[in-house]
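First the structure, in the form of C-alpha cells, and then the observations on it.
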Amino acid sequence: MTFFAALRMTVLAALLLLATPARALDVTHYRLEIDLRADDEALAGAATLDILLDAADVGAGAVPLDFVGLEVTGLFVDGLADEAWSRDGAVLSVPLPPGAAAGDLVQVEVRYEGVPTPYVAPWGTWGVVRSQDRIFTVNVTEGARHWFPCDDRLDDKASVELLVSVPDPWLVAAPGTLLAQEPDGDARTRFHWSADWPLPTYLIHFAAGPYILTTEEHDGVPYQTWLHPTLHEDAADTFAHAPAAMEMLTARYGPYPFPKVGFDEIDLGGAVENPSCISIGTQILVPDQVYEDVIAHELSHTWFQGVVTVASWDDVWLSEGMATYHEALYHEHVHGPGTLAEYTDSLGISYRAMAEMAEGFFPLSKPESLWGVTTYRKGALVLHTLSHLLGREVFDQALVDYLEAFAWGNATTEDFRQVLESTAGRDLDSFFDEWVHGTGYPQFGLGWRHDPGAGTVDVAVDQRQPEDWPIFRSVPLEVELAFSDGGVQREVMELTDRLTIAAFAVPAAPTSVTLDPDHWILKTVDPMDFPNVGPEDPPTGDAVGPEGPPTGDAAGPGGPPTGSGGCDSGASAPPAGLLFLLLLAVLVPARLRHSLLI
C-alpha cells in the first residue's frame with residue numbers, strides 16, 4: 001500500500017487483537033505442505049510441527065495452536081491418529097500423548113482444507129491473498145494462523161520447510177534454499193523450500209504465479225527476482241541498487257547470513273521483509289520511479305528482524321525505525337556525506353506534518369499505530385540522535401554488539417538500551433525516558449543578545465512543547481555563531497530546564513545564531529524575544545550580563561532564527577504551514593520519497 005493509504009488505515013482503527021494462546025509454546029520446526037489451484041480459492045494443507053515440551057505443557061496435558069477458519073480433516077501426534085483434539089474459536093487444542101514429559105519433542109501433524117478466511121487488520125486484508133493470477137501470503141501481524149496452525153507469536157521462532165504444489169508453468173518463491181522442484185501429478189509442480197534458521201511466523205511466506213525468475217551473482221551470493229511478466233523490464237532499475245545496499249550492510253555487520261538475496265513481486269503498495277525472499281509491491285515497481293530507499297530498507301531487515309527479531313509489536317520501532325535509519329545511511333554511502341542530513345531532514349518534515357495532521361503523538365515504546373510515521377520516521381531520527389550523542393563509531397559498534405548478543409532470538413527496547421549502555425559505558429535512562437518512552441520532540445524558542453561591554457553573547461533556548469511532553473535535557477545542544485567576516489564559532493549548551501540561558505565569549509557581535517547546525521536532533525526552532533530575566537527568576541545555564549534589547553537571530557538582530565529542523569529547520573507551523581510541510585513531504589526529490597514499508 002502507499003504510505004498515505006496505509007496511514008489512513010492505521011489511524012482509523014486500533015490494533016486488531018485476535019485470540020492468542022494464553023501459554024507460550026516452543027515450536028522448533030514447521031513442515032508445511034500446501035496444494036494451490038489457480039481456478040479454486042480452496043487449498044489443501046498439512047502442517048507438521050515439532051514442539052519442545054516444558055513443564056507447563058505437560059501440566060496442561062495439551063498444547064494450544066493458533067488456527068483460524070480452515071477445516072481440520074485429520075490430526076496425528078507422533079504418527080498416531082488423535083480424535084480428542086478440540087477447537088475453541090481461534091485455538092486448536094492438541095492433547096499430549098500418555099507419558100509425555102518436559103524436554104520431550106512431540107510431533108503434531110494437522111491436515112486441513114477449505115477457503116482461507118482473510119486476516120482483516122487496520123493496515124490491510126491479508127493472510128492468503130489471491131490477486132489476478134498470483135497467490136501469495138502477507139502475515140503481518142497475525143495472518144499466519146489463517147493458513148496454517150502455529151504458535152503465532154514474534155518470540156517463538158522456528159525453522160521452516162515449505163512444499164507448495166502449483167499448476168504449470170507457475171513458479172513459487174519462498175525464504176531459504178530450493179531443495180527440489182518436482183512434477184506433482186498432471187501438469188503440476190511441487191517446490192520444496194527450506195529455511196534452516198529460526199523465523200517468526202509472520203515471516204513464513206510464499207508467492208506463487210506465472211513469474212519470470214532472474215538470477216545474478218554478486219560477491220558470491222545469488223540475487224534472485226520473481227517478477228510478473230508485465231513488470232519484468234520496469235523493475236530492473238530499482239533492483240539494480242541491491243548490491244550497493246548490501247555492500248554497505250555487510251561492511252557494517254559481516255557476511256550476508258542467508259542463502260540468497262531474493263525479491264518477489266506481490267500486489268502491495270509497500271514491501272515485507274521476509275528473510276531472503278523480500279516481497280516488493282507492484283505499485284513500487286513502476287517505470288521512471290527508482291525506489292532505492294525501499295531496497296536499502298528491506299535489506300537492512302536482514303539483520304534487524306531477520307537475525308534479531310523484536311520481542312513484541314510494542315518494540316517495532318527497533319525494526320522499522322532501524323530500517324528507516326539505514327535508508328539514510330544508504331544515501332550517505334551512495335550519494336555522499338551531505339545527503340545524510342538531507343535525508344533525515346525529509347524524515348523530520350514528514351513526521352511532524354503527518355503526526356500533527358493525522359496520526360497524533362505518542363511514545364515510540366507504546367505505539368498507537370504500528371505502521372506510521374512515529375515508528376518509522378521518529379524511530380529513525382531517535383537512532384540518528386543517539387549516533388551523535390554516543391559518537392558514530394561507538395554507536396555503530398553498539399549495533400554490532402546488539403546483533404551478536406541477541407542473534408537468532410528476540411530483543412526488547414530495554415535489551416537494546418542495556419547494550420548501548422554497555423558499549424558506550426554511560427547511563428541512557430534520561431535519553432530513553434525523553435525520546436523513547438516520552439511523547440513528541442523539543443519545540444525550541446530561540447533568542448539572543450550581544451553584550452559588547454562584556455564581550456559575550458547570551459543565548460536563550462525556551463522549550464515550548466506541550467506541558468505533558470518531556471523537557472528534553474539529555475542531548476547537549478550545539479550552537480553555531482556566525483560573524484560578518486565569514487567566521488563561525490561552535491559552542492555547546494547543556495539544557496537544564498524549560499528555559500536555559502548561556503553566555504559565550506565572542507570576538508564581535510554575531511550576525512546569526514543557529515541551533516544544531518549539523519541536523520542531529522528532531523525539533524523545531526522559532527524566534528523569540530530575549531526573556532526578561534529578573535532577580536526573582538535567575539537565568540539557567542551560564543551567567544549572563546545586563547539585559548540588552550530583544551533580538552531575533554538569523555541574518556541579524558530581528559531576523560528569524562536559523563536552526564535545523566528535524567532534523568528540519570522550520571518553526572512550529574500553523575495549519576497553513578502544516579499544509580506546506582505536507583506538500584513538501586510529497587514533493588521532495590524522488591530518491592527521498594518514503595513509501596510505507598514493513
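Everything quoted here is computed from the prediction, not taken from an experiment.
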Inspect the surroundings of CG in Asp40 and state if more than 12 heavy atoms from other residues, nucleotides or ligands are less than 6.0 Å away. yes
Pair Gln224, Thr215: side-chain N/O donor-acceptor within cut-off below 3.5 Å: yes
Please tabulate, for the side chains in residues 183-190, all donor-acceptor contacts under 3.5 angstrom to protein atoms that are two or more places apart in sequence or on a different chain.
| unit_1 | atom_1 | unit_2 | atom_2 | d |
| --- | --- | --- | --- | --- |
| Asp184 | OD2 | Ser165 | OG | 2.6 |
| Arg188 | NE | Ser165 | OG | 3.3 |
| Arg188 | NH1 | Leu36 | O | 3.2 |
| Arg188 | NH2 | Leu36 | O | 2.7 |
| Arg188 | NH2 | Ser165 | O | 2.9 |
| Arg188 | NH2 | Ser165 | OG | 3.1 |
| Thr189 | OG1 | Asp168 | OD1 | 2.6 |

Arg134/Asp267 ion pair, N-O < 4.0 Å: no
Listing request: all side-chain hydrogen bond (donor to acceptor under 3.5 Å, both in side chains) pairs with a residue in residues 94-106, at least two apart in sequence or in separate chains. none
Do NZ/NE/NH1/NH2 and the carboxylate oxygens of Glu368 and Lys366 come within less than 4.0 Å? no
Give a yes or no on this: more than 12 heavy atoms of other residues, nucleotides or ligands lie within 6.0 Å of atom CG of Asp133. yes
Is it true that atom CD of Gln397 has more than 12 heavy atoms of other residues, nucleotides or ligands lying nearer than 6.0 Å? yes
Do you see a donor-acceptor pair shorter than 3.5 Å between the side chains of Thr412 and Asp315? no
Quick one: do Arg87 and Ser93 satisfy side-chain hydrogen bond (donor to acceptor under 3.5 Å, both in side chains)? Show the steps, please. CA-CA 6 Å; Arg87 296 186 81 163; Ser93 183; over 6 Å; no
For the residue pair His29 and Glu161, confirm or rule out a side-chain donor-acceptor distance under 3.5 Å. yes
Using atom types as modelled and distance alone, determine if a side-chain donor or acceptor of Asp314 lies under 3.5 Å from a backbone N or O of Pro367. no
Less than 3.5 Å apart, any donor N or O on the side chain of His192 or Glu33 sitting next to an acceptor on the other? no
Please determine, by modelled atom types, if Tyr343 and Glu327 share a side-chain donor-acceptor pair under 3.5 angstrom. yes
Quick one: do Tyr402 and Tyr253 satisfy ring pair (Phe, Tyr, Trp, His ring centres under 6.0 Å)? Show the steps, please. CA-CA 11 Å; Tyr402 168 74; Tyr253 307 121; 10.0 Å; no
Return yes if a side-chain donor-acceptor contact under 3.5 Å exists between Ser279 and Asn274, otherwise no. yes
Decide if the gap between the ring center of Trp170 and the ring center of Tyr211 is smaller than 6.0 angstrom. no
Does a donor on one side chain and an acceptor on the other come within less than 3.5 Å for His297 and Glu320? yes
Side chains of Thr324 and Arg377: any donor to acceptor distance under 3.5 Å? no
Phe148/Tyr30 aromatic ring centres below 6.0 Å: yes
Regarding Asp78 and Gln107, do their side chains bring together a donor and an acceptor under 3.5 Å, going by distance alone? no
Check: Trp313 ring centroid to Trp371 ring centroid under 6.0 Å: yes
Apply side-chain hydrogen bond (donor to acceptor under 3.5 Å, both in side chains) to Glu247 and His333, showing your working. CA-CA 9 Å; Glu247 177 185 66; His333 174 74; 3.0 Å; yes
Which heavy atom in Gly409 sits nearest to a heavy atom in Lys157, and how many Å separate them? O-NZ, 3.0 Å
Charged N to carboxylate O under 4.0 angstrom, Asp151 versus Arg153? yes
Just by distance, no angles: are the side chains of Tyr330 and His241 close enough, under 3.5 Å, to form a donor-acceptor pair? yes
Hey, could you give me the OG/CH2 distance between Ser159 and Trp197, rounded to the nearest 0.5 Å? 10.0 Å
Distance flag, aromatic centroids of Trp317 and Tyr325, threshold under 6.0 Å: no
Could you tell me if the ring centre of Tyr256 sits under 6.0 Å from that of His218? no
